[in-house]
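The block underneath contains the structure these notes are about, expressed in C-alpha cells.
Below, chain A is the first sequence line, B the second, and so on; all start at residue 1. Since we're looking at a predicted model, the values are computed, not measured.
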Amino acid sequence: MSLGRRTLWWMAMCGSMAALAQPVPPHPVPPQSGSTFQSKENRALEADEFANPGMLWVEQGAKLWREARGTTGNSCADCHGDAKQTMRGVAAAYPRHDASIRRILNLEQRINHCVSENQKATSLAYESRELLSLATFVAHQSKGMPIKVDVSGASAATYGRGKALYFQRIGQMNLACTHCHDQNWGKTLLAESVSQGQPDGWPAYRLEWQTVGSLQRRLRACFFGVRAEQPAFGSDDLVALELYLAQRAAGLPITAPGVRR
Amino acid sequence: MSSGLARLRVPESAQPGEIVEVRLLIQHDMETGFRRDMQGRAVPMNVITEVRARYGDQDVFRAELGSGISANPYLAFSIRAVKTGEIRVEWIDTAGVRGSVSAVLNVT
C-alpha cells in the first residue's frame, strides 16, 4: 500500500467515524452542585434549613399555594392537593413540553400557565415575589431528586437550540458558556470561583441580589458578564438554554433553594 | 416592600434554668435609601428600625437595626428558660409597618 493510498484510507475512516459517532459535547463528569463552588459559610447557610433565607420564599409559596386566586376562585391546592406529594419530583423534569399548548415551558411559565388559564387570574410578572415564591416552593418539593428532563420528540428541537446557544460565542468578550463552565470550572475568575454552571439550586438566594432569583435571572447575568445582549425573561433562547443545562445536569439532585454569592 | 413574613424557632422543650437559643429570620428588603430604580428615581429608605422580644410578660431582647444590616435579617439570641410561655417578637420599619411572630417555649 503506497503512502498516498494509506493516507486516503485513513481520511475515509476518520470521515465515516465522525459521521457515525455522535460526539458527546464536552461537559463536566460527574456534574457537581453549584454549592460545591461556594464558600464554606455559604454552604453552611444553604444547609441550615432555618437560616437559609430562601426558605422564606418557600414558606410564602406554601401560603400562596392555598390562597384562592382569579375569577375561578381556585387555589393551587384545590386542583393539586398537598404539594408534598403531588409536586414531588415535578421540578426535576422541567423545562418540559406541554402537549396541550405545544410549547416547552420552564417551571415559572408552567405555574403562570395555571394562573392565567386554570385560575383565570392576571399572570404573574417574572421575578415578582409571588411567582418566585411559588416556583421556589414547587422546586423545593423535589429536593434530593435527580434532574431528569425529556429531550426527545417534541423537545428535541428546543434542546438542540439550547445546545447550539451554549457553544455559541457571544458578546464583546466573544465567549461561549462552554469556555468557562466546561473548560475552566474550578478555577478562579478574579475573586469568583467558576462553577460548572449547574441548575440544581435554582431558584436560589443570591447574596449579591439580596433576594431569591430565577435561573433565568442568573443566566441573564452571565450574558451581561460577557457583554452580550440579554435575552428577555421567558424568551425561547433562555428556555432552550435551561433545557440544555438540565439535560447536562442529568442525575444531579435538586437542592433548591440554594445560597449563592 | 414588607410582607411581614418571618420565621422564629425555639427548642422543642427546655428544662428550667436552661439557656436556650432563639433564632429569628425576617423577610424584609432593608432598603438603604441609596439606590435608584430603573427610571432613576431614588428608592426611599425603608429598614427595620427596632426589634423587640418578649418572653411571657418580660422583655428579653431588643435591637436597633439600620441600613447597614442586610436584607432579610437573621438574628439569634439566648434566653434562660423559666416556665412555659410564649416568645413574641415584634418589629417596626421606617414606613411604620409592624410585624410580629411568636412561638411557645415548653419548659418541663
Toward chain A: residues of residues 17-24 of chain B with heavy atoms under 4.5 Å: B/Arg23, B/Leu24
For chain A, which residues of residues 53-68 of chain B have heavy atoms nearer than 4.5 angstrom: none
Over 12 non-hydrogen atoms of neighbours within 6.0 angstrom of CZ in A/Arg169: yes
Exceeds 12 heavy-atom contacts within 6.0 angstrom, atom CZ of A/Phe50: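 More than 12 within 6.0 Å, yes.
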Proximity breakdown for B/Leu75 and chain A, heavy-atom pairs closer than 4.5 Å: neither
Inter-chain contacts: residues 191-220 of chain A against chain B, heavy atoms under 4.5 Å: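 Heavy-atom contacts from residues 191-220 of chain A to chain B are A/Tyr205, A/Gln210.
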Interface residues of residues 104-124 of chain A facing chain B - heavy atom cut-off under 4.5 Å: none
Minimum-distance pair of heavy atoms, taken over all atoms of A/Glu49 and B/Arg7: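 Reported closest heavy-atom pair: O-NH1, 2.8 Å.
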Smallest separation among heavy atoms of A/Leu56 and B/Leu5, with atom names: O-CD2, 3.1 Å
Stepwise side-chain contact (heavy atoms from CB on, under 4.5 Å) check, A/Asn52 with B/Tyr74: CA-CA 9 Å; A/Asn52 181 337; B/Tyr74 167 82; over 6 Å; no
Heavy-atom proximity to chain B below 4.5 Å, by part of A/Asp48: side chain
